Amino acid sequence: MPAQSMEELVSLCKRRGFIFQGSEIYGGLQGFYDYGPLGVELKNNIKAAWWRTNVYERDDMEGLDASIIMHRMVLRHSGHEATFSDPMVDNRKTKKRYRLDHLVKDQKPAVQGAVAEAMGQSVENFAALVAAMVKDPARASAALVSAGVRDAFSGEVGDWTEPRPFNMMFKTTIGPVADDDSYGYLRPETAQGIFTNFKNVVDSTSRRLPFGIAQIGKAFRNEITPRNFIFRVRELEQMEIEFFCAPGTDEEWHEKWLAARLAWWEAQGVPREKIQILDVPREDLAHYSKRTYDLMYDYPTLGYEEIEGIANRTDFDLGSHTKGQEELGLTASVLPNEDSVAKLTIAHPDTQKPIVPFVIEPSAGVDRAMLAVLSEAYALETLENGTERIVLRLRPHLAPIKVAVIPLARNRPEIVEKARSVKQELQALGLGRILFEDSGNVGKAYRRHDEVGTPFCVTIDFDTIGKGDDAALTDTVTVRDRDTMSQERVAIKDLANLIRERLR
RNA sequence: GCGGGAGUAGCUCAGCUGGUAGAGCGUCAGCUUCCCAAGCUGAAUGUCGCGAGUUCGAAUCUCGUCUCCCGCUCCA
C-alpha cells in the first residue's frame with residue numbers, strides 16, 4: 001500500500017537523508033530542496049533508468065547536455081519572454097487575481113478612459129498605459145479603484161492591489177558589468193537547448209527523420225506558489241525528449257510515445273492504474289501545443305496531478321528559431337525572426353526536400369518522479385509479532401543502496417575484516433552503492449535498511465569465520481531479503497552471481 | 001498574493017494564568033557467540049524558526065519576518 005500522506009513521506013525523507021529543505025539553517029528558502037546522501041543516489045538511479053530506456057535501448061535517439069543560461073533571444077523567440085512576465089493584480093474583496101492588461105481591457109470604454117486619465121496616459125497607446133501602471137504601482141492601484149474597475153467575478157468595483165510583475169523566468173547578469181544588454185535567463189525548460197542545437201546534432205550525427213534528442217537537466221521557474229514538498233519547486237530537473245518527425249506522422253508518434261512513457265513508469269514501480277491520461281482541453285494548451293497528454297499520477301494528499309506532459313509542439317519551436325521562415329511553409333503561427341543565423345531544416349524522408357519537422361515532446365520531472373516512486377514504494381507493515389516496520393519496496397535498480405554488509409559482532413576483528421572484504425568484493429561488481437553497516441545491532445540494521453529500500457542485507461557471523469558451531473558453514477553468509485524478510489545461507493564464492501542476478 | 005493552522009533535540013511531541021527546557025524513539029561510544037528496531041552502561045544534541053517590543057524576567061504576551069501544512073489563486 002503506497003504512502004497515505006505527504007507528511008509521512010516528508011518525515012522519512014528528512015530522517016533518512018533523502019531530501020532536505022533548501023538553505024535550512026538560515027530558515028529555509030521556499031521552493032528549493034536539497035537531495036541528501038540517499039536522495040542523490042535515488043535521483044541518479046531514476047535518471048539513469050530514463051536515459052537507458054530512452055537513449056541506449058532505442059536506435060532513433062541522441063543525447064545532449066546544453067547550458068542552463070541561454071541567449072535571451074532564445075527565450076524571446078520561444079515565446080517565453082512575452083508570456084512569462086505578465087503584471088497581475090488581486091482583488092482583496094473577491095480574492096481573485098487577474099492579468100492587469102486583461103482586467104483593464106475587459107472594462108467599459110468610459111472606465112478604461114478613467115484609468116488612462118488617472119495615469120496620465122491614453123487608452124489608444126495601451127502598452128504604454130500598462131507600462132506606466134507597472135512603473136507606478138501605488139498610483140495604478142488607486143487609479144483602478146477610483147476609475148471603478150469592476151471584478152468580472154462579483155460584478156462589483158474591486159479593492160485592487162498594486163500591480164506586480166510576475167517574472168516567471170530567473171534573470172541574471174552575464175559578465176562583470178551589469179548594463180541593460182548584459183542579462184540572460186536561466187532556462188525555464190531544457191527543451192530550448194535541444195531546439196537551438198537541432199542543426200548541430202543533425203550535422204554531427206547524420207540522423208534522418210524520425211529521430212529524437214534526449215536531455216536531462218535543471219530548469220528554473222519563479223513559481224508564484226511553490227507548494228507541496230518537491231511537487232512544485234522553483235529549481236527543478238527535467239527529463240525531456242524532443243522527437244522530430246515528418247508532418248503528418250506526428251499524431252501517430254504522439255500515441256507511440258504515450259504508450260512508451262506509460263510502460264517506463266510501470267517499470268519504475270508506478271503502475272498504469274495509478275496514472276490517468278488527461279487529453280488537455282484546447283483552451284488550456286500552451287502557446288506552442290497542438291495537443292497534449294498530461295499523465296496524472298495519484299499523489300498522496302494531492303490527488304491526481306501532473307507527473308509528465310507529452311506535447312505535440314508541431315513546427316512551432318524550430319519554426320520560431322529558424323531563419324527564412326516565410327519560405328518554409330510553417331503550419332504554426334510564429335513571430336518573425338530577424339536574429340537567427342541558421343536554417344533549422346532536415347530532409348523530408350519521402351521527398352528529400354528541406355522541411356521544418358514536427359516535434360513530439362515527452363517531458364517528465366525528475367523531482368516529481370522521485371515523489372511518485374517514493375510514494376509507491378512506501379509501505380507501513382504490521383508484522384506477525386505485532387510490531388510495525390516501514391519498508392520502501394523500491395525496484396532494485398532504483399534502490400539507493402543495493403546491499404548492506406553487516407558484521408554480526410563489531411568487537412570481533414575477524415568478523416569485521418571479513419565483512420569489509422565482502423563489501424569490497426560486491427562493490428567491485430559496479431552495481432551501485434554497497435554499504436558497510438556496523439551500527440547498532442543486526443535487527444536494527446535490517447529495519448534501517450528496510451526503511452531506505454536496500455534490497456539485500458548480507459550478514460557475516462561466527463560461522464563465516466569458522467568460529468561457529470558448524471564448521472560446514474565456514475565462508476558462508478546470511479542473505480536477507482527486504483520484501484520477504486526471509487534468510488538463506490550462501491557461500492561467499494556464490495554471492496556475487498546471486499546478487500548480480502537478483503538486482504537485475 | 002489572500003484566508004486558516006503550525007514552527008520546542010535527528011524524528012514524534014509535552015511544557016498551565018510569563019520565573020531561564022523535558023519525554024519517548026533515534027544517534028554516538030563501550031560491553032555482550034548479538035539474525036529482525038534485543039539487553040546493559042555511558043554520552044552528545046536546542047540561541048524554543050528569526051528579529052524587535054512589553055516586562056525585573058518571554059518558549060509562553062504583542063508586532064514584524066521566514067518556513068511548513070490546508071483552502072483559494074497561480075502553474076506560460
Side-chain angles (χ1 to χ4, degrees), chain A residues 5-8 10-17 20-33 36 75 78-86 88-99 153 159 161-164 166-169 188-189 221-229 231-234 236 284-289 294 301-302 305-306 309 383-385 387-391 406-412 414-415 439-451 457-465 467-469 477-482 485-489:
Chain A
S5 75
M6 195 66 87
E7 263 120 5
E8 58 191 348
V10 173
S11 174
L12 175 68
C13 285
K14 168 97 194 271
R15 192 154 37 91
R16 292 306 190 201
F20 309 120
Q21 169 74 220
S23 306
E24 193 178 49
I25 66 168
Y26 288 107
L29 192 59
Q30 201 179 15
F32 298 92
Y33 285 87
L75 284 321
S78 69
H80 289 83
E81 199 174 59
T83 55
F84 255 60
S85 58
D86 303 313
M88 311 284 280
V89 287
D90 291 303
N91 181 356
R92 295 190 186 89
K93 283 183 190 164
T94 60
K95 314 298 181 200
K96 295 291 175 187
R97 170 174 294 160
Y98 298 95
R99 270 175 62 168
F153 179 77
D159 180 5
T161 63
E162 297 181 355
R164 287 178 310 274
F166 275 73
N167 292 311
M168 296 297 287
M169 287 196 291
E189 60 175 9
R221 302 178 181 190
N222 240 330
E223 296 286 355
I224 296 165
T225 314
R227 197 63 85 80
N228 298 321
F229 198 35
F231 180 78
R232 176 162 294 125
V233 288
R234 288 182 165 138
L236 56 132
D284 293 339
L285 289 174
H287 62 274
Y288 47 70
S289 179
D294 277 349
T301 305
L302 307 183
E305 292 284 354
E306 183 180 349
L383 303 177
E384 284 176 12
N385 64 7
T387 61
E388 289 186 329
R389 73 160 181 163
I390 292 172
V391 54
I406 305 168
L408 192 64
R410 63 178 155 164
N411 59 347
R412 299 289 152 160
E414 286 171 276
I415 289 180
S439 62
N441 59 57
V442 67
K444 289 183 182 180
Y446 287 160
R447 295 301 176 84
R448 182 187 1 256
H449 282 281
D450 286 344
E451 228 178 45
C457 290
V458 170
T459 301
I460 281 72
D461 60 16
F462 291 91
D463 288 320
T464 310
I465 59 168
K467 298 272 179 71
D469 299 330
V477 295
T478 303
V479 177
R480 184 263 190 187
D481 183 272
R482 174 194 71 195
M485 297 172 70
S486 63
Q487 302 184 4
E488 61 188 305
R489 200 75 194 182

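From a predicted model like this one, the values you see are computed outputs, not experimental measurements. A note on names: the letters A, B, ... follow the listed sequences, proteins ahead of strands, and every chain is numbered from 1.
Remark: the separation of the C1' atoms in C61(B) and U17(B) is 11 Å, to the nearest Å. Here the separation of G49(B) from A59(B), taken at their C1' atoms, is 12 Å to the nearest Å. Across the P atoms, C11(B) and U47(B) are found 12 Å apart, a figure rounded to whole Å. Taking atom C1' in both U27(B) and A37(B), one finds a spacing of 13 Å when rounded to whole Å. Rounded to whole Å, the separation between the P atoms of U41(B) and A21(B) comes to 27 Å. The same atom, C1', is picked in C50(B) and in G7(B); the two are 11 Å apart, to the nearest Å. Nucleotides U62(B) and C25(B) place their C1' atoms 36 Å apart, quoted to the nearest Å. Between G15(B) and C48(B), the distance separating the two C1' atoms is 10 Å to the nearest Å.
Remark: E8(A) engages no residue in a salt bridge (charged side-chain N to carboxylate O under 4.0 Å, His left out) (not counting sequence neighbours). In this structure D481(A) satisfies the side-chain contact (heavy atoms from CB on, under 4.5 Å) test together with F456(A), D483(A), T484(A), S486(A), sequence neighbours excluded. Every residue meeting the salt bridge (charged side-chain N to carboxylate O under 4.0 Å, His left out) condition with E451(A), not counting sequence neighbours, appears here in chain and number order: R15(A), R16(A). The salt bridge (charged side-chain N to carboxylate O under 4.0 Å, His left out) search around E7(A) returns none, not counting sequence neighbours. Applying the side-chain contact (heavy atoms from CB on, under 4.5 Å) criterion to L236(A), with sequence neighbours excluded, gives A219(A), R221(A), V233(A), Q238(A), D367(A).
Nucleotide G71(B) is matched to C2(B) when pairs are restricted to Watson-Crick or G-U wobble geometry with both distances under 3.5 angstrom. Of all nucleotides present, none satisfies the Watson-Crick or G-U wobble test against G46(B) with each distance under 3.5 Å. In this structure, U60(B) makes no Watson-Crick or G-U wobble pair, since no nucleotide meets both defining distances under 3.5 angstrom. Base pairing annotation: C31(B) forms a Watson-Crick or G-U wobble pair with G39(B), both donor-acceptor distances under 3.5 Å.
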Seminar exercise, completed: Protein heavy-atom contacts under 4.0 Å, written 5' to 3' over nucleotides 32-45 of chain B as B (base), S (sugar-phosphate only) or - (none), form the string SBBBBBB-------
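For C70(B), the OP1/OP2 oxygens have a side-chain nitrogen or oxygen of N228(A) closer than 4.0 Å. At C68(B), one or more side-chain N or O atoms of Q30(A) fall inside 4.0 Å of OP1 or OP2 (strictly under the cut-off).
Counting only heavy atoms from C-beta on, Q21(A) has its side chain closest to C68(B) among C68(B), A76(B), C69(B).
With rounding to the nearest 0.5 angstrom, the CG atom of D294(A) is 4.0 Å from the CD atom of E306(A). Annotation: the span from D461(A) atom CG to K467(A) atom NZ amounts to 12.5 Å, rounded to 0.5 Å.
Going from atom CG of L302(A) over to atom P of C70(B) covers 7 Å, rounded to whole Å. Taking atom CD1 of residue I415(A) and atom P of nucleotide C31(B), one finds them 14 Å apart after rounding to whole Å. In this structure, F32(A) atom CZ and U67(B) atom C1' are separated by 14 Å, rounded to whole Å. If you take CE of M6(A) and C1' of U67(B), they are 17 Å apart, rounded to a whole angstrom. In this structure, the NZ atom of K14(A) is 14 Å from the C1' atom of U27(B), given to the nearest Å.
Taking the nucleotide of RNA chain B with the nearest heavy atom to each of E24(A) and E305(A), the more 5' of the two is matched to E24(A).
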For this session: Decide side chain to side chain contact (heavy atoms under 4.5 Å, CB included) for D463(A) and R489(A); before the verdict, give the C-alpha distance in whole Å, the side-chain angles of both, and the deciding distance to 0.1 Å.
Result: CA-CA 11 Å; D463(A) 288 320; R489(A) 200 75 194 182; 3.4 Å; yes
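Heavy atoms of E7(A) sit under 4.0 angstrom from primed sugar atoms or phosphate atoms, though from no base atom.
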